[in-house]
Structure formats: C-alpha cells, structure tokens
> 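Structure below; questions to follow.
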Amino acid sequence: MGNWFQQSIVATGRLPLFCYFVMLIAAFIATRINVRLIRAKVGWFRNVNVGEMHIHHVVFGVVLMLVGGVTLIVSPGSQVGTAVAASVFGVGSALVLDEFALILHLHDVYWEEEGRTSVDAVFIAVAVTGLLLIGLRPLTWDYGTPVNPAALIVANLALAVVTLLKGKIWTGMAGLFVPPMLLVGAVRLARPGSPWAYWFFARRSPRKMARAIHREERWRRPVIKVKIAFQEFLSGRHDLPSTRRGRRHT
C-alpha cells in the first residue's frame, strides 16, 4: 500500500489532489453528521447564531476556500505545503457544496426536497475529483485517428452540452472524461423534463414524449429511488414540505 501511494500519488504530483479528495469526503460526512445531530437536538449540537441571525456553514466554507485558494496561488511550490492548502480548500468546498441548494434557490431548503441538489453536487464533485485522481483528463480521448486536438475538444464539448441539455447529468459529467459516453448520451432520447425535450418534442411529437416518459418511469425512476435511499442514508431525510412552490422571485 505504501509503495502504491508513493508511486501513484506522491511521485506523480497528485498528493494535493488526493488531500483535496479525502478532505472533501471527510468534511461532507462530518458536516452531515453534525447537522443531523443538530436537527435531532442531541446534546450541545446547535446552530451557530449571532443574535437572531443564523450563520450557515456555507459562510465558513467560503472563508476556508478563500484561505486555501489564495495559499495555493502564492505557494512556493512545495508539494507538502500545497497539499495542506488543498486540504483546507477541500474542507471549504464540502461546506459550500453542502449548501449548494441554498445558493441555487437563494432560500433555505436544506431539509426540503430541493435540498437533495446539494447532495447531488457533492457526489458530482467527488466523482469528478476521483476521475482526475486516477489520471483521466476532461475532453481528451485517443481515438487512434489523426484528429486535430482542438477540433476534438470542441466536438466533445458540443456533445457534452447536448447530453446535459437532454437531462443526462451523470452521463454528461462522466462523458467529459470518457467521451464515447457522450456519443451515447447525445443520440439517445432526451429525458421528459429536460430543456431538449421542451424545445424539440414536448408539443411537436407526442409519440416521442410518451416514449421518454415510459423510459423514465420504467428505467430511471427505480434507479433514482435507490440513489435517494443511499443519499438519505448518508445525509438524512429531506422530508420537509417545499416552501419554494408558489413563490415568485422578486
């Protein structure tokens, strides 16, 4: 194990990325344990308040990201020092992403259904960092043909945009590192609630929409239920009634 870590992580210059990856996961788990204990009113676990103002942990996350990011910029190049700064940045990232839904909605939806967006954001960040850690790089792939690298990047990026517009977030994100997945995502039928479906066949092609809904209910819904069960095992239940429905942005 020690030899693998030395050869695959330290020798390849990936120690800072590894530290970021580990601290991102550890800080997210620690944060979720803390907020679940606060919600259950266990012991001395309480929200941080200044007077009547509740200080969300995204605030501490922003501060830590600034400290870690600035340190990375001014770091003299020592891998150990960079690793420490990356660790701080990882903790800050976890705190910010854990309240991603708050930033997105500009409203505290932490335990509501919309709050699952925060958990999705953390999962995506962990997945992308893990792919980077094993050596994959986005938008590059050796097809074994003499293709101009710039043209290849543009083509892969276009396929990624189409895939994401079709509502296939995980396929689009993973496809940035394994572009053949983007080919599959771009040519397959869009999800019924996606922008692509709304623009191109929600009203023009009822048959396509019916097929998309059928696929969603038969194949994707069971997978989503498993994903939600796993997420709520880690992060707690997002079971409060939504306060976003019916609200208008002012």
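Basis for what follows: all heavy atoms, side chains included, without hydrogens, waters or symmetry-related copies. Numbers here are sequence positions counted from 1.
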> Return yes when atom NZ of Lys208 has more than 12 non-hydrogen atoms of other residues, nucleotides or ligands closer than 6.0 Å, and no otherwise.
no
> Nearest 0.5 Å, please: how far is CD1 in Ile33 from CG in Leu234?
9.5 Å
> Is the closest side-chain heavy-atom distance between Phe60 and Val48 below 4.5 Å?
yes
> When you compare the side chain of Pro180 with that of Val178, does any pair of heavy atoms fall below 4.5 Å?
yes
> Where do Leu159 and Leu183 land on the side chain to side chain contact (heavy atoms under 4.5 Å, CB included) test, with the steps shown first?
CA-CA 7 Å; Leu159 290 173; Leu183 292 172; 3.5 Å; yes
> Trp196 and Val184: same hydrophobic cluster, using ILVMFWY side-chain contacts below 4.5 Å?
no
> What are the two closest heavy atoms between Leu182 and Gly172, and how far apart are they?
CD2-O, 3.8 Å
> Let me confirm one number: the CD1-CZ distance from Ile134 to Phe177, rounded to the nearest 0.5 Å.
9.0 Å
> Short question: side chain of Lys166, backbone of Arg188 - any donor-acceptor pair under 3.5 Å?
yes
> Starting from the C-alpha separation in whole Å, work towards a yes-or-no answer on side chain to side chain contact (heavy atoms under 4.5 Å, CB included) for His57 and Val35.
CA-CA 10 Å; His57 50 266; Val35 295; 3.9 Å; yes
> Using atom types as modelled and distance alone, determine if a side-chain donor or acceptor of Thr117 lies under 3.5 Å from a backbone N or O of Glu114.
yes
> Does NZ or CZ of Arg32 lie under 6.0 Å from the centre of the six-membered ring of Trp111, at an angle within 45° of the ring axis?
yes
> With the 4.5 Å side-chain cut-off for hydrophobic clustering, are Val122 and Ile169 part of the same group?
yes
> Taking NZ, NE, NH1 and NH2 as the nitrogens, is one of them in Arg36 or Asp98 under 4.0 Å from a carboxylate oxygen of the other?
no
> A side-chain contact here means heavy atoms from C-beta on lying under 4.5 Å apart; do Leu102 and His107 qualify?
no
> Is the Phe89 ring parallel, tilted or perpendicular to the Tyr20 ring (thresholds 30°, 60°)?
tilted
> Is it true that a side-chain atom of Thr82 and a backbone atom of Pro16 form a donor plus acceptor pair closer than 3.5 Å?
no
> So do the side chains of Leu95 and Leu64 get within less than 4.5 Å of each other, counting heavy atoms only?
yes
> Are Leu72 and Val84 joined in one hydrophobic group, where the rule is that I, L, V, M, F, W and Y side chains link up if heavy atoms are under 4.5 Å apart?
no
> Looking at Leu132 and Arg137, what are the two nearest heavy atoms and their distance?
O-NH1, 3.1 Å
> For the backbone of Phe5 and the side chain of Ser8, can you confirm whether one donor and one acceptor N or O come within less than 3.5 Å of each other?
no
> Using the side chain to side chain contact (heavy atoms under 4.5 Å, CB included) rule, take Val119 and His238 through it: C-alpha gap first, then chi angles, then the decisive distance, then the call.
CA-CA 10 Å; Val119 187; His238 296 81; 3.9 Å; yes
> Can you name the nearest heavy-atom pair linking Pro192 to Ala212, along with the distance?
CD-O, 3.7 Å
> Checking Phe21 now: which residues fulfil ring-ring contact (aromatic ring centres under 6.0 Å, His included) with it, not counting sequence neighbours?
none
> With rounding to the nearest 0.5 Å, note down the distance linking NZ in Lys168 to CZ in Arg220.
9.5 Å
> Could you pull out the closest heavy-atom pair between Leu24 and Ala94, with the gap in Å?
O-CB, 3.5 Å
> Test of understanding: clusters of I, L, V, M, F, W, Y form through side-chain heavy atoms closer than 4.5 Å, transitively. Do Val88 and Val62 belong to the same one?
yes
> Nearest 0.5 angstrom please: Ile9 CD1 to Cys19 SG, how far?
9.5 Å
> How many angstroms lie between CD1 in Ile213 and CZ in Arg221, if you round to the nearest 0.5 Å?
9.0 Å
> Judged by modelled atom types alone, do His56 and Glu99 share a side-chain donor-acceptor pair under 3.5 Å?
yes
> Backbone N or O of Phe100 within a donor-acceptor pair of the Ser118 side chain at under 3.5 Å?
yes
> Considering non-hydrogen atoms only, spot the tightest contact between Val91 and Met23 and give its length.
CG2-CE, 3.5 Å
> Check whether any side-chain heavy atom of Trp170 lies under 4.5 Å from a side-chain heavy atom of Ile124, and answer yes or no.
yes
> Do Ile103 and Val96 touch side chain to side chain, with heavy atoms closer than 4.5 Å?
yes
> Going through the distances and angles, do Thr129 and Leu17 end up as a side chain to side chain contact (heavy atoms under 4.5 Å, CB included)?
CA-CA 8 Å; Thr129 306; Leu17 184 61; 3.7 Å; yes
> With rounding to the nearest 0.5 Å, note down the distance linking CG in Asp239 to CD in Glu232.
7.5 Å
> Step through the shown structure and confirm whether more than 12 heavy atoms of other residues, nucleotides or ligands are within 6.0 Å of CZ on Phe45.
yes
> So, do Gln231 and Asp120 sit near enough that their side-chain heavy atoms are less than 4.5 Å apart?
yes
> Taking all non-hydrogen atoms of both residues, which atom of Pro195 and which atom of Leu165 are closest, and how far apart?
CD-O, 3.2 Å
> More than 12 non-hydrogen atoms from neighbouring residues, nucleotides or ligands closer than 6.0 Å to CZ on Arg46, yes or no?
yes
> Under a 4.5 Å cut-off applied to non-hydrogen side-chain atoms, are Thr163 and Met181 in contact?
no
> Are Leu133 and Val10 co-members of a hydrophobic cluster defined by side-chain heavy atoms under 4.5 Å apart?
yes
> What class does the angle between the rings of Phe230 and Phe233 fall in, given that below 30° is parallel, 30 to 60° is tilted and above 60° is perpendicular?
parallel
> Can you confirm whether more than 12 heavy atoms, excluding those of Tyr198, are under 6.0 Å from its OH atom?
no
